[in-house]
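These notes concern the structure reproduced below.
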Amino acid sequence: MQVCHSCAPFFTYTYLLADKSTKEAVIIDPVLETADRDVQLVKELGFKLKTAVNTHCHADHITGTGVMKKKLDTMKSAISKHSGAKADIHLSEGDKINFGQFFLSVRETPGHTDGCITLVLNDESMAFTGDTLLIRGCGRTDFQQGSPEKLYQSVHSKIFTLPAECILYPAHDYKGQTATTVAEESTYNPRLTKSLKEFVDIMDNLNLAHPKKIDVAVPANLLCGIQDL
């Protein structure tokens with residue numbers, strides 16, 4: 001299997017996974033500003049992009065899914081059925097996103113939003129955690145159906161139960177880090193190694209400003225990244 005990833009504006013990671021033998025591919029969390037670049041890469045590598053999946057309805061950037069759908073007629077959009085967003089495929093717990101001999105298994109991991117999912121490769125060697133679990137951090141829980149209790153339960157029951165050596169790829173990182181592991185986060189994450197009560201207290205007192213693009217990004221992402229402006 002071939003994996004490519006890149007950091008777009010807003011410190012956002014996009015991941016392209018492909019079966020090198022069949023050329024079937026999946027892209028995770030594409031961004032509007034780099035959609036043309038991603039389309040070009042798919043074409044240059046000779047991939048057949050089957051699915052563009054968003055790990056949740058993003059509040060800090062507009063997804064590139066809508067633009068990519070117009071340029072790649074083999075591609076379908078996918079997002080959690082709990083996101084409230086339009087898509088070709090609405091995902092639920094245990095669903096599989098197939099590409100060649102590989103697949104990503106869907107684990108519902110609400111807490112940052114109700115529609116957050118974690119995508120786990122079929123052999124559990126890697127997982128894509130969206131905003132649910134970040135490197136030494138986690139997604140905020142103070143808007144968009146956020147719930148610290150749900151997030152804590154999601155991480156401990158759906159992510160920390162993966163093999164210790166499983167590589168975790170987040171949707172964001174603001175320090176240039178690209179990956180972590182279950183073993184690292186279950187040992188060193190300064191928030192999620194606390195008790196539930198301590199975690200809730202931390203999350204309830206972050207006092208963060210709302211994302212600058214939230215008023216534009218959320219409505220657009222509910223429409224697969226396309227809206228009439």
Side-chain angles (χ1 to χ4, degrees), residues 8 10 12-17 25-32 35 49-69 75-99 102-122 124 126-134 138-162 166 168-172 211 213-214 216-227:
F10 324 116
T12 301
Y13 289 124
T14 296
Y15 302 95
L16 178 64
L17 290 73
V26 173
I27 196 166
I28 301 170
D29 288 333
V31 176
L32 177 62
L49 188 58
K50 294 186 64 180
T51 310
V53 56
N54 283 290
T55 54
H56 62 293
C57 185
H58 304 278
D60 59 347
H61 67 272
I62 298 175
T63 178
T65 306
V67 169
M68 296 184 74
K69 274 176 59 68
M75 193 198 88
K76 294 185 180 298
S77 60
I79 197 167
S80 167
K81 70 175 184 179
H82 301 297
S83 68
K86 293 183 178 180
D88 298 311
I89 303 167
H90 284 108
L91 300 166
S92 300
E93 177 78 20
D95 284 350
K96 293 179 174 58
I97 302 171
N98 297 289
F99 57 107
F102 303 97
F103 65 81
L104 294 169
S105 180
V106 175
R107 296 192 178 193
E108 294 178 351
T109 49
H112 175 60
T113 74
D114 279 348
C116 284
I117 56 175
T118 291
L119 302 167
V120 183
L121 192 64
N122 49 278
E124 297 190 345
M126 61 181 68
F128 302 84
T129 58
D131 280 14
T132 300
L133 181 63
L134 307 177
C138 63
R140 59 195 293 178
T141 58
D142 58 337
F143 65 90
Q144 269 189 300
Q145 316 97 39
S147 165
E149 292 86 358
K150 286 183 180 180
L151 192 148
Y152 189 91
Q153 177 65 20
S154 291
V155 171
H156 282 267
S157 65
K158 300 289 184 68
I159 299 175
F160 283 174
T161 53
L162 289 165
C166 178
L168 304 177
Y169 294 97
H172 299 278
K213 293 177 70 70
I214 186 172
V216 175
V218 171
N221 291 333
L222 288 172
L223 297 172
C224 197
I226 295 178
Q227 63 181 32

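Everything quoted here is computed from the prediction, not taken from an experiment.
Scanning for ring pair (Phe, Tyr, Trp, His ring centres under 6.0 Å) contacts around His156 gives Tyr152, Phe160, with sequence neighbours left out. With sequence neighbours excluded, the residues forming a side chain to side chain contact (heavy atoms under 4.5 Å, CB included) with Asp88 are Lys69, Lys76, Ser77, listed by chain and number. Applying the side-chain hydrogen bond (donor to acceptor under 3.5 Å, both in side chains) test to Thr51 and every residue at least two apart in sequence or in another chain returns nothing. For Phe143, the ring pair (Phe, Tyr, Trp, His ring centres under 6.0 Å) partners at least two apart in sequence or on another chain are His210. The side chain to side chain contact (heavy atoms under 4.5 Å, CB included) test applied to Ala85 returns Ile79, Ser83, Leu222, not counting sequence neighbours. Contacts of Thr55 classified as side-chain hydrogen bond (donor to acceptor under 3.5 Å, both in side chains), with partners at least two apart in sequence or in another chain: Asp29. Under the ring pair (Phe, Tyr, Trp, His ring centres under 6.0 Å) criterion, Phe99 pairs with Phe102, not counting sequence neighbours. For Glu124, the side-chain hydrogen bond (donor to acceptor under 3.5 Å, both in side chains) partners at least two apart in sequence or on another chain are Arg107. For Glu93, the salt bridge (charged side-chain N to carboxylate O under 4.0 Å, His left out) partners are Lys158, not counting sequence neighbours. Legend: residues meeting salt bridge (charged side-chain N to carboxylate O under 4.0 Å, His left out) with Asp95, ordered by chain and number and at least two apart, are absent. Residues satisfying the side chain to side chain contact (heavy atoms under 4.5 Å, CB included) criterion with Gln144, sequence neighbours excluded, are Cys57, Ala59, Thr113, Val218. Applying the side chain to side chain contact (heavy atoms under 4.5 Å, CB included) test to Lys86 and every residue at least two apart in sequence or in another chain returns Leu223.
Counting all heavy atoms, side chain and backbone alike, Ser80 lies closest to Gly115 at CB-O, 3.2 Å. In this structure, Ser154 and Pro110 approach most closely via the heavy-atom pair OG-O, 2.6 Å. Between Val216 and Pro219, the closest heavy-atom pair is O-CD, 3.4 Å. In plain terms, the two heavy atoms of Ile27 and Leu49 that are nearest each other are N-CD1, 3.6 Å. Cys116 and Thr132 make their closest contact through CB-OG1, 3.6 Å (heavy atoms, listed as atom of the first residue, atom of the second, distance). A pairwise comparison of heavy atoms in Thr141 and Gly111 identifies CG2-O, 3.5 Å as the closest pair.
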Where do Phe128 and Tyr15 land on the ring-ring contact (aromatic ring centres under 6.0 Å, His included) test, with the steps shown first?
CA-CA 9 Å; Phe128 302 84; Tyr15 302 95; 5.0 Å; yes
Output, in order, the C-alpha distance, side-chain angles, deciding distance and verdict of side chain to side chain contact (heavy atoms under 4.5 Å, CB included) for Leu119 and Val106.
CA-CA 5 Å; Leu119 302 167; Val106 175; 4.0 Å; yes
Is there a side chain to side chain contact (heavy atoms under 4.5 Å, CB included) between Val155 and Cys138? Walk through the geometry before answering.
CA-CA 9 Å; Val155 171; Cys138 63; 5.8 Å; no
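Side-chain contact between Leu32 and His61 is absent, with no heavy-atom pair separated by less than 4.5 Å. Residues Val120 and Leu104 form no side-chain contact, since every pair of their non-hydrogen atoms from C-beta on lies 4.5 Å or further apart. Between Leu133 and Pro170, every side-chain heavy-atom pair lies at or beyond the 4.5 Å cut-off. Counting heavy atoms from C-beta on, the side chains of Ile89 and Ile97 never come closer than 4.5 Å. With contacts defined as side-chain heavy-atom distances shorter than 4.5 Å, the pair Thr129/Thr109 does not qualify.
To the nearest 0.5 Å, atoms OG (Ser105) and CG (Asn98) are separated by 10.5 Å. Interatomic distance, His82 NE2 to His90 NE2, rounded to the nearest 0.5 Å: 11.0 Å. For the atom pair CE (Met68) and CE (Met75), the distance works out to 5.5 Å, reported to the nearest 0.5 Å.
Using a 30° and 60° split on the angle between ring planes, His58 and His172 fall in the perpendicular class, above 60°.
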